[in-house]
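See structure below.
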Amino acid sequence: MASATILKSAFLPKRSEWAAATRSSAGRQATAVSLTVRAGSYADELVKTAKTVASPGRGILAMDESNATCGKRLASIGLENTEANRQAYRTLLVSVPGLGQYISGAILFEETLYQSTTEGKKIVDVLVSQNIVPGIKVDKGLVPLAGSNDESWCQGLDGLASRCASYYQQGARFAKWRTVISIPNGPSALAVKEAAWGLARYAAIAQDNGLVPIVEPEILLDGEHGIDRTFEVALKVWAEVFFYLAENNVLFEGILLKPSMVTPGAESKDKATPEQVADYTLKLLHRRIPPAVPGIMFLSGGQSEVEATQNLNAMNQSTNPWHISFSYARALQNTCLKTWGGRPENVKAAQEALLVRATANSLAQLGKYTGEGESAESKKGMYVKNYSY
């Protein structure tokens, strides 16, 4: 196996090297056209990173819960929300033997990006040694949107450029920004526009600083609406998002998407089969997402572990112009966390549980998941109304 240092250098080039190689050509381009390429000297690296994350049979482990949300997870197994307990759990996740075979990227919270494992190894280095690209959550959370129908907007653009530059130096190579759309609350045109504009500004800033932006306008599961209403809203949201991405000169080949699957509202009387979810979701993608986008890494949004895997598998029964995969948090971690229970003697069993889920979703990304041997725990729904991170 290649050393951590070799793997790290494979996708962690210094900016000065890129700048030196592109300075002369960038100057010639500037005289020919007036359009600024937002990705700048990082363009080639961004495309390479995006393709690495969107590699066959692999997806993203979203372990970017804020300290408060991580505390909720720990509380569910009777553990106190301390840095030592958060460190122990995150060490368990990143040190699963063979995880890189199924996981291509890991989204981290800021504390985790700078944290070491319980054995004293830098978490970034542990990930890189498994050929897993480190990513970082960069938004500052949701706050009320004035003038809307009790909707929210995502803050964090202030100081984002300097934060992204620091995260890049620390080893992050992609970023995540989550905003949400609520169907029961409208959604209002104001909320949709604010979400799309914020995502576009973030994406441009992230690319300028070497980070592949994950674009995530989560359409919440909340509501009694049917799947057709979700589809209608999703069409509007993604039209706005790509309009503003283009307005901000974002390099489409150097982004990843993290959309919600098109499903009925969680409280709807009508339930959808994996085939119906796949049909509606793929129809949305074909109408709204340019083929230039390399990877579409779906969120699970409160689905059970098995539901999220079944729906992903159904979408991969046909050939698609994008890498259609997963970026799951609870849908990868739920059984793992409960198996661990905070006990050192359960670490190995918990890691095996995570590997089971990662393997299942790897198969689903390849369209080869069968559902055999799934546990009762993995079939339990995880929807929480008005869920917040």
Exercise. Taking all non-hydrogen atoms of both residues, which atom of W238 and which atom of V215 are closest, and how far apart?
Worked result: CH2-O, 4.0 Å

Exercise. Hey, are S55 and H323 close enough side-chain-wise for a donor-acceptor pair under 3.5 Å?
Worked result: no

Problem set entry | Pair Q303, N311: side-chain N/O donor-acceptor within cut-off below 3.5 Å | yes

For this session: Ignoring hydrogens and angles, state whether a donor on the side chain of N149 or S188 is under 3.5 Å from an acceptor on the partner side chain.
Result: no

Problem set entry | salt bridge (Lys or Arg N to Asp or Glu O under 4.0 Å) between E232 and K236, intermediate numbers included | CA-CA 7 Å; E232 176 187 9; K236 175 62 176 175; over 6 Å; no

Problem set entry | Minimum heavy-atom distance V212-L46, with the two atoms named | CG2-O, 3.3 Å

Exercise. Just wondering, more than 12 heavy atoms not from K193 lying within 6.0 Å of its NZ?
Worked result: no

Problem set entry | Modelled atom types, side-chain donor and acceptor of S116 and K122, under 3.5 Å | no

Problem set entry | Shortest non-hydrogen separation from G223 to P184 and the atoms involved | CA-CG, 3.7 Å

For this session: For the residue pair Y167 and N209, confirm or rule out a side-chain donor-acceptor distance under 3.5 Å.
Result: no

For this session: Scan side-chain atoms only and decide if E65 and Q333 contain a donor-acceptor pair under the 3.5 Å cut-off.
Result: yes

Seminar exercise, completed: Between Q87 and T117 the two heavy atoms that sit nearest each other are NE2-O, 3.4 Å

Exercise. Is there side-chain contact between C336 and L93, with heavy atoms separated by less than 4.5 Å?
Worked result: yes

Exercise. Are side-chain N/O atoms of T309 and R357 paired as donor and acceptor at under 3.5 Å?
Worked result: yes

Problem set entry | L211 vs I205 side-chain heavy atoms within contact, under 4.5 Å | no

Problem set entry | For A50 against L256, the heavy-atom pair lying closest together | O-CD2, 4.0 Å

For this session: Please check if any side-chain donor atom of Q101 sits under 3.5 Å from a side-chain acceptor atom of S362, or the reverse.
Result: no

For this session: Please examine the side chains of K271 and Q276, heavy atoms only from C-beta on, and report whether any two atoms are closer than 4.5 Å.
Result: no

Exercise. Taking all atoms of both residues into account, what is the closest heavy-atom pair of Q207 and P213, and its distance?
Worked result: CG-CD, 3.6 Å

Exercise. So do the side chains of R173 and T52 get within less than 4.5 Å of each other, counting heavy atoms only?
Worked result: no

Exercise. Using 30° and 60° as the class limits, which term best fits the ring planes of Y244 and W197: parallel, tilted or perpendicular?
Worked result: perpendicular

For this session: Please work out whether the ring planes of F252 and F242 are parallel, tilted or perpendicular, with thresholds of 30° and 60°.
Result: perpendicular

Exercise. Would you call E110 and R163 a salt bridge, taking side-chain N to carboxylate O under 4.0 Å as the test?
Worked result: no

Exercise. Looking at residues at least two apart in the chain, or sitting in another chain, which of them share a ring-ring contact (aromatic ring centres under 6.0 Å, His included) with W322?
Worked result: H286

